[in-house]
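This report refers to the structure that appears directly beneath it.
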Amino acid sequence: MTSFDTCFANPWNELAGARRLHVRWLLRPDDAPLRNVEVVVESGFLTEVRHMPESVSHRADPVVLMPALVNAHTHLEFSDLDTPVSPALPFQDWITSVIQNRRNRSAVSTPLQGLADASIMAGLSESRKFGTLATGEITTQDLSVDLWSRFQQTSTISFRECIGLQPESIQRQIENAQLHLKNGVEGITGLSPHAPYTVHPELFDELIRMASRHCVPVAMHLGETIAERQLLLDATGAFRSFLSERQLWNASAFPASRTLLNYLKPMATLRRALAIHCNYLSEPEMEFLAENPNVAVVFCPRTHQFFQHGSHPWRRLRDAGARVVLGTDSRASNPDLSIWRELLSIVRQHEGARQVSLDGIARHLPMITTDSADALGLNSQHFALQCGQPFHAVAVPMVPETGAIADMPAAVFHCGERIEVRSDN
């Protein structure tokens, strides 16, 4: 049985006012892995990276040190769930179960107080435990002052979700979005027209205009299912039935012969936008995303598996020049909020091996660090472990003899200060 026991409980070596870590491997985005490294931290900043001579390499702790992680997409309101919502299929039944979960929550708790508030806070704590120091969060309620403060402390970008198919609901959703931007903290606000099957084109257009005026990013679920594409093409299929059964069908919201380009092109006029999921894309849509990397594709690997989708085009997109980053979605479709485990899953898939290589992790590391931070509008250098930048880092145990890497951090550092991590998960 692989053992990830390490002596990393008290890793710092203090010398001449500086704090030093000795690690077996250092991984940084777009760089080759560095073996047997001493990193020097002063006043919360990384000041030096040194190679350790072979004569003292035995002092290196058996960990892989890498930048703190970024989760580009999640729904923290479901963080209190022990297991994903079922059934996963058909997708419309899963949506029904999610809606019922929200109704049950509202029945026992004032919005963003009690259970809902605790769930969001629990999700932030769980994310920290897994090494995530920045998050793209979909917000469904007005935020309290306390939560805005917490989001600011944790670099949580709050995308206000807007849903409205009926003309009479458009103005209310616009007002919700305006209030979110008015009450929000600069640099951590965004807007989220939910999905093509829940947002009237007029509402979508106004949200894009609003995002442009306020210079905030937009996040939208796109290409999540084949049924969504059918709805856009000819207003038929499973989503038409789903909406009709709930008296939500509005023919004016679904003009004929539409594709995801009807959404991607307006999103590309913004400085930053997130196209979430994109499980099913046409060739023209993939070409457009490759030509417009300011629209980042957010792939959620384990949620993708939960819904039993076919192969995701993330590799083709990356090879063509599109920006692809990773998200966890939520505990409604995922067993946890570990973006590190999401990365491990796609590296295993890419390499066709149970055990991942450090080179493979390094090649894909920007998807949960620098690229993901930039897609959210954050300073990507804070997630690159470069000298002169704040020391935000994650140390993951490894077995030197075998190269096996743990799926749980041994330590997380924020501005050089260690965040406690439980090892019982």
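Values below: all heavy atoms of this structure, side chains included; hydrogens, waters and symmetry mates excluded.
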State, yes or no, whether a side-chain contact exists between F130 and R341 at a heavy-atom distance under 4.5 Å.
yes
Within-4.5 Å side-chain heavy-atom neighbours: W25 and V37
no
Taking L76's backbone N and O only, do any of them form a donor-acceptor pair with S79's side chain (distance below 3.5 Å, no angle check)?
yes
Quick one: which of T132, T328, T135 gives a side chain to side chain donor-acceptor pair (under 3.5 Å) with N71?
T328
Scan side-chain atoms only and decide if N294 and R271 contain a donor-acceptor pair under the 3.5 Å cut-off.
no
Can you spot which of V64, N36, V49 makes a side chain to side chain contact (heavy atoms under 4.5 Å, CB included) with L26?
V49
Apply side-chain contact (heavy atoms from CB on, under 4.5 Å) to the pair M66 and V396, showing each step before the final yes or no.
CA-CA 8 Å; M66 66 189 75; V396 179; 3.9 Å; yes
Given side chain to side chain donor-acceptor pair (under 3.5 Å), test D234 with T236 step by step and report yes or no.
CA-CA 6 Å; D234 58 16; T236 65; 2.5 Å; yes
Salt-bridge present (R316, E283; N to O < 4.0 Å):
yes
Find the distance between CG (L181) and SG (C215) and round it off to the nearest 0.5 Å.
11.0 Å
Fit a plane to each ring of F239 and F91, take the angle between them on a 0 to 90° scale, and name the class: parallel (under 30°), tilted (30 to 60°) or perpendicular (over 60°).
perpendicular
Is it the case that N250 and S252 place a side-chain donor and acceptor less than 3.5 Å from each other?
yes
Would a distance-only check, ignoring hydrogens and angles, find a side-chain to backbone donor-acceptor pair under 3.5 Å from H364 to L344?
no
Test side chain to side chain contact (heavy atoms under 4.5 Å, CB included) applied to V218 and S212, P193, P266, S192, the passing residue
P193
To the closest 0.5 Å, what do you measure between OG (S372) and CG (L378)?
8.5 Å
Salt-bridged, R209 to E206, with N to O below 4.0 Å?
yes
Is it true that the side chains of S338 and D336 contain a donor and an acceptor less than 3.5 Å apart?
no
Can you find a side-chain donor-acceptor pair between D80 and S119 that sits under 3.5 Å?
yes
Any donor-acceptor pair under 3.5 Å from S149 side chain to V145 backbone:
no
With a distance cut-off below 6.0 Å to the six-membered ring centre and an angular limit of 45° from the axis, does R258 pair with Y263 as a cation-pi contact?
yes
R229 bridged to E285 by N-O distance under 4.0 Å
yes
Check whether any side-chain N or O of E161 sits under 3.5 Å from a backbone N or O of H194 as a donor-acceptor pair, and report yes or no.
no
Can you tell me how far SG of C415 sits from CG of L46, rounded to the nearest 0.5 angstrom?
12.0 Å
Side chain to side chain, F78 and L337, heavy atoms closer than 4.5 Å
no
Pair H392, H414: side-chain N/O donor-acceptor within cut-off below 3.5 Å
yes
Please check this pair: side chain of E228 against backbone of L222, looking for a donor-acceptor N/O pair closer than 3.5 Å.
no
Can you find a pair of side-chain heavy atoms, one from F254 and one from L165, that are under 4.5 Å apart?
yes
Do you know which two heavy atoms are closest between P390 and H382, and how far apart they sit?
CD-CD2, 3.6 Å
If you count every heavy atom of other residues, nucleotides or ligands that lies below 6.0 Å from E186 atom CD, does the total exceed 12?
no
Determine, step by step, whether I138 and T74 satisfy the side-chain contact (heavy atoms from CB on, under 4.5 Å) criterion, reporting the C-alpha distance in whole Å, the side-chain angles of both residues, the deciding distance to 0.1 Å, and the verdict.
CA-CA 6 Å; I138 303 298; T74 190; over 6 Å; no
Picking from T139, L376, I188, what satisfies side chain to side chain contact (heavy atoms under 4.5 Å, CB included) with F159?
L376
Between Q178 and I174, does the side-chain contact (heavy atoms from CB on, under 4.5 Å) criterion hold? Intermediate values first, please.
CA-CA 6 Å; Q178 291 172 333; I174 290 172; 3.8 Å; yes
Any sub-3.5 Å donor-acceptor pair from Q389's side-chain atoms to F383's backbone N or O?
no
Minimum heavy-atom distance S333-T303, with the two atoms named:
OG-OG1, 2.9 Å
With a 4.5 Å limit on heavy-atom distance, are the side chains of C300 and L326 in contact?
no
Between N183 and L143, is any pair of side-chain heavy atoms under 4.5 Å apart?
no
Look up atom CZ in F413 and atom CG in L385, then write down how far apart they are to the nearest 0.5 Å.
10.5 Å
Donor-acceptor contact below 3.5 Å, side chain T269 vs main chain K265:
no
Side chains of L207 and Q173: does their closest heavy-atom pair fall under 4.5 Å?
no
Looking only at heavy atoms, the pair that brings W249 and S244 closest together is CB-OG, 3.6 Å
Do R246 and T96 have side-chain atoms, one donor and one acceptor, less than 3.5 Å apart?
yes
Going by ring pair (Phe, Tyr, Trp, His ring centres under 6.0 Å), H309 matches just one of F299, W314, Y280. Which one?
Y280
Quick check: closest heavy atoms across T156 and L124, and the distance to 0.1 Å?
OG1-CD2, 3.4 Å
Please find the pair of heavy atoms, one from P67 and one from V394, that lie closest to each other, and give the distance.
O-CG2, 3.9 Å
Which distance, rounded to the nearest 0.5 Å, do you find between the CH2 of W340 and the CE of M408?
12.5 Å
Going by distance alone, is a donor N or O of one side chain under 3.5 Å from an acceptor N or O of the other, for D142 and H180?
no
Could you tell me whether D374 and R323 have a side-chain N and a carboxylate O separated by less than 4.0 Å?
yes
Between the side chains of T370 and S380, does any donor sit under 3.5 Å from an acceptor?
no
Taking it one step at a time, do S345 and E342 satisfy side chain to side chain donor-acceptor pair (under 3.5 Å)?
CA-CA 5 Å; S345 73; E342 301 292 341; 4.5 Å; no
Please report the interatomic distance SG(C162) to CD1(I170), rounded to the nearest 0.5 Å.
11.5 Å
Heavy-atom pair with the smallest gap, counting every atom of T189 and G184:
CG2-CA, 3.6 Å
Any side-chain heavy-atom pair of L289 and V324 under 4.5 Å
no
Is it the case that the ring center of H221 lies less than 6.0 angstrom away from the ring center of H75?
yes
So Q230 and R240, side-chain contact (heavy atoms from CB on, under 4.5 Å) or not? Walk me through it.
CA-CA 9 Å; Q230 184 178 0; R240 167 73 179 262; over 6 Å; no
Hey, is the main chain of F288 close enough, under 3.5 Å, to the side chain of N292 for a donor-acceptor pair?
yes
